[in-house]
Amino acid sequence: MASSEPPPGPGTAPHGADRYSFLPGNVPLAVERTEGNHIVTADGRRILDAGGGAVVTNIGHGRREVAEAAAASLAGRDYVLPPWLTPERAALTDRVLDRWLPEGLSRATFVSGGSESTDSALRLARAHHVAAGRSSKWKVIGRWPSYHGMTLATLAAGGHRNRRRGYEPTLLPFAHVAWDDPAAVEAMILAEGPEQVAAFIAEPVIGAAGGALVAPDGYFGEVADICRRHDVLLIVDEVMCGFGRCGTRFAIEQWGVTPDVLVAGKGLSGGYAALGGVYATEAVVAPIAEADLPFMFFTYGAQSSACAAADVVLRILEDEDLVARAAKMGDLLVERLSSELADHDHVAAVRGRGLMVGIELVAGRDPHRWYPAGARFTERVVAEALARDVWVYPAGGGDPIADALLLGPPFTITEAEIDQLATVVRASVDAAAQAVARDGSDPGPTG
């Protein structure tokens, strides 16, 4: 039954707003609907979704054909155990394996999000080695910075200091190396003991922790060779940067590398359903099948309605050539931002691939210096942009990237909206810097 209470008016928080959080006093943005490239709030504001939510939305909001496919699936099949096959699961598996994944990745399983994907990949690596008779291998090497999810295992593998903060005693003692040095990967494998290292995990384009950091061109080729030498599985995390976000089907293709395991989620369903995926080579899964080692599923993994939605999202990406559009509009976005922010005192870099673009925020460019953590500079810039009806995603939050923005708009973003975004980012950085200077958090010229 519909509520008899009137909807909240302009500036009024809806019922439940004071309880929809574990943070007292936090009043969330009240969203009424989403359409096109915009979020529409309960009080009528139209906010440009330049963050794609959490770098999720790719085909734009409100595509009726996706909702209709999910509804039709639910009408015929609601809950079906994830290991069992439904028509929707079969269709999505075929589309992803035959039309999207790098050659060599021939096995897929679906879960309900990115954290479950990477958590499953870590378990898969352990299961592979146990089944292959290498039961001493259990350690995972990650990078500073990186982000792989919010389970305890993925937090341990990740290198996002702010999101790890407070949970350290509960995390596995996984080692980490610098994000851009392949020699450090081999040195760490040797230091930890090759007989104990099961996997190395990395994002091809570092998202939330780094603001679209991209390693040097030869990096992933060298890392793949190192991993092969030491029987270490290479896990590539494309939860954020996969399914066309970086201007190719998967970002790792830009370096000609096929990993042992690839995880990718957000763009798979474009925000229309809770879905993630784990994809592996035959060589990874064969020992597990031969040993009949159990590999437990998540309860809501691969829901048929979610698979139906994702299949339509991927078909739209194909039919409308949106991956190529992401590459084209990404180049335009970087060009406009670079022009708008050229020589800006508080912007050290504009970088990225396709429509995954980072802006590194600093207290000063020359010499390069960060704002103190207490200044909350990224949060201020995000708030200033939101006040100007543009949503941008916060990034950084640790070492080596303290403050950054991450832009991941729908692939359907227009040139006019890119112009709006660039103008708003400039104004928001200016306003945040002025606010920090007024309250005395600015470290000054010497940092």
A.B. asks: For G149 and T154, which heavy atoms make the closest approach, and how far apart are they?
C.D. replies: C-OG1, 3.1 Å
A.B. asks: Using 0.5 Å steps for rounding, measure from the CZ atom of R245 to the CE atom of M240.
C.D. replies: 9.0 Å
A.B. asks: State whether the side chain of E253 and the backbone N or O of F250 hold a donor-acceptor pair below 3.5 Å, judged by distance alone.
C.D. replies: yes
A.B. asks: Using modelled atom types only, decide if a donor and an acceptor are shared between the side chain of E417 and the backbone of T414 within a distance under 3.5 Å.
C.D. replies: yes
A.B. asks: Taking the side chain from Y272 and the backbone from G62, do they hold a donor-acceptor pair closer than 3.5 Å?
C.D. replies: yes
A.B. asks: Assess whether a salt bridge exists between E360 and R351, defined as any Lys/Arg side-chain N lying under 4.0 Å from an Asp/Glu carboxylate O.
C.D. replies: yes
A.B. asks: Measure the spacing between OG1 of T93 and CG of D98 and express it to the nearest 0.5 Å.
C.D. replies: 9.5 Å
A.B. asks: Between atom OG of S117 and atom CG of D237, what is the distance when rounded to the nearest 0.5 Å?
C.D. replies: 8.5 Å
A.B. asks: Checking side-chain polar atoms at under 3.5 Å, does E335 have a donor or acceptor matched by the opposite partner on S338?
C.D. replies: no
A.B. asks: How many angstroms lie between CZ in F110 and OG in S120, if you round to the nearest 0.5 Å?
C.D. replies: 12.5 Å
A.B. asks: Does either side chain, that of S106 or that of E282, offer a donor lying less than 3.5 Å from an acceptor on the other one?
C.D. replies: yes
A.B. asks: Could you tell me whether E88 and R77 make a salt bridge, using a distance below 4.0 angstrom between a side-chain N and a carboxylate O?
C.D. replies: yes
A.B. asks: Looking at R315 and E65, does any basic side-chain N land under 4.0 Å from a carboxylate oxygen?
C.D. replies: no
A.B. asks: Strictly distance-based, threshold 3.5 Å: is any side-chain N or O of S269 a donor or acceptor partner for the main-chain N or O of A310?
C.D. replies: no
A.B. asks: Does any part of the side chain of I288, heavy atoms only, come nearer than 4.5 Å to the side chain of L124, both counted from C-beta?
C.D. replies: yes
A.B. asks: T86 and S304: side-chain donor and acceptor closer than 3.5 Å?
C.D. replies: yes
A.B. asks: Charged N to carboxylate O below 4.0 Å: is that the case for R164 and E168?
C.D. replies: no
A.B. asks: Given 3.5 Å as the limit, does a donor-acceptor pair link the side chain of S305 with the main chain of L74, or not?
C.D. replies: no
A.B. asks: I'd like to know if the side chain of T41 reaches the main chain of V31, judged simply by a donor and an acceptor atom lying under 3.5 Å from each other, with no hydrogens or angles considered.
C.D. replies: no
A.B. asks: Within a radius of less than 6.0 Å around CZ of R123, do more than 12 heavy atoms belonging to other residues, nucleotides or ligands occur?
C.D. replies: yes
A.B. asks: Please find the pair of heavy atoms, one from L101 and one from R249, that lie closest to each other, and give the distance.
C.D. replies: O-NH1, 4.3 Å
A.B. asks: Look up atom CG in D403 and atom CZ in R380, then write down how far apart they are to the nearest 0.5 Å.
C.D. replies: 10.5 Å
A.B. asks: Is Q254 close to C246 at the side-chain level, that is, under 4.5 Å between some pair of heavy atoms?
C.D. replies: yes
A.B. asks: Within a strict 4.5 Å, meaning less than it, do heavy atoms of the V347 and V362 side chains meet?
C.D. replies: no
A.B. asks: The test is side-chain contact (heavy atoms from CB on, under 4.5 Å); show your working for D49 and T34 and say whether it passes.
C.D. replies: CA-CA 9 Å; D49 189 7; T34 54; over 6 Å; no
A.B. asks: I'd like to know whether CZ of R161 has more than 12 heavy-atom contacts from other residues, nucleotides or ligands below 6.0 angstrom.
C.D. replies: yes
A.B. asks: Going by atom types only, do D119 and T151 share a side-chain donor-acceptor pair under 3.5 Å?
C.D. replies: yes
A.B. asks: Tell me if a side-chain donor or acceptor on Y79 pairs with a main-chain N or O of T299 at a distance below 3.5 Å.
C.D. replies: yes
A.B. asks: Could you tell me if the side chain of I47 sits less than 4.5 Å from the side chain of L29, heavy atoms only?
C.D. replies: yes
A.B. asks: Which heavy atom of A208 sits nearest a heavy atom of L406, and at what distance?
C.D. replies: N-CD2, 4.0 Å
A.B. asks: side-chain contact (heavy atoms from CB on, under 4.5 Å) between Y219 and V185: does it pass, once the steps are laid out?
C.D. replies: CA-CA 10 Å; Y219 176 87; V185 177; 4.0 Å; yes
A.B. asks: If you draw a 6.0 Å radius around OH in Y167, do more than 12 non-hydrogen atoms from other residues or ligands fall strictly inside?
C.D. replies: no
A.B. asks: Kindly say whether M150 contributes a backbone atom to a donor-acceptor pair with the side chain of S115 at under 3.5 angstrom?
C.D. replies: yes
A.B. asks: Could you check, using the six-membered ring where one of them is a Trp, whether F243 and W100 have ring centers closer than 6.0 angstrom?
C.D. replies: yes
A.B. asks: Checking side-chain contact (heavy atoms from CB on, under 4.5 Å) against L234, which of D225, V257, L262 comes through?
C.D. replies: V257
A.B. asks: About how many Å separate CZ of R325 and CE of M329, when rounded to the nearest 0.5 Å?
C.D. replies: 4.5 Å
A.B. asks: For R143 and A202, work out which heavy atoms get closest and say how close.
C.D. replies: NE-CB, 3.6 Å
A.B. asks: Got a salt bridge between E320 and R63, using NZ or NE/NH1/NH2 to carboxylate O under 4.0 Å?
C.D. replies: yes
A.B. asks: Looking at every heavy atom in both P287 and A131, which two are closest together, and how far apart are they?
C.D. replies: O-CB, 3.3 Å
A.B. asks: I want to check something: taking the side chain as every heavy atom from C-beta on, are P145 and L213 in contact at a cut-off of under 4.5 Å?
C.D. replies: yes
A.B. asks: Are there over 12 heavy-atom neighbours, none belonging to F298, within less than 6.0 Å of that residue's CZ?
C.D. replies: yes
A.B. asks: Salt bridge or not for E195 and R134, using N-O below 4.0 Å?
C.D. replies: no
A.B. asks: Can you see whether N37 engages T412 through a side-chain donor-acceptor pair at a distance of less than 3.5 angstrom?
C.D. replies: yes
A.B. asks: Can you tell if the side chain of K266 reaches within under 4.5 Å of the side chain of T57, non-hydrogen atoms only?
C.D. replies: no
A.B. asks: V284 and L233: side-chain contact (heavy atoms from CB on, under 4.5 Å), yes or no, with the steps?
C.D. replies: CA-CA 8 Å; V284 170; L233 295 187; 4.2 Å; yes
A.B. asks: Within the 4.5 Å heavy-atom criterion, are I226 and V232 side-chain neighbours or not?
C.D. replies: no
A.B. asks: Measuring only between side-chain heavy atoms, which start at C-beta, is D389 closer than 4.5 Å to L48?
C.D. replies: no
A.B. asks: Decide whether a cation-pi geometry holds between R89 and W84; the criteria are a distance under 6.0 Å from NZ or CZ to the six-membered ring centre and an angle within 45° of the ring axis.
C.D. replies: no
A.B. asks: Heavy atoms only: give me the nearest Q303-V80 pair and the separation to one decimal.
C.D. replies: NE2-O, 4.0 Å
A.B. asks: Please answer whether the main-chain N or O of K139 pairs with a side-chain N or O of R126 as donor and acceptor at a distance below 3.5 Å.
C.D. replies: no
A.B. asks: Charged N to carboxylate O under 4.0 angstrom, E186 versus R229?
C.D. replies: yes
A.B. asks: Ring of Y279, cation from R107 - is the NZ or CZ under 6.0 Å from the centre and inside 45° of the axis?
C.D. replies: no
A.B. asks: Are any of the side-chain nitrogens in R388 or E384 under 4.0 Å away from the carboxylate oxygens of its partner?
C.D. replies: yes
A.B. asks: side-chain contact (heavy atoms from CB on, under 4.5 Å) for I59 and L317? Distances and angles first, verdict last.
C.D. replies: CA-CA 7 Å; I59 64 170; L317 287 171; 3.7 Å; yes
A.B. asks: Is there a donor-acceptor contact under 3.5 Å from the side chain of H346 to the main chain of A363?
C.D. replies: yes
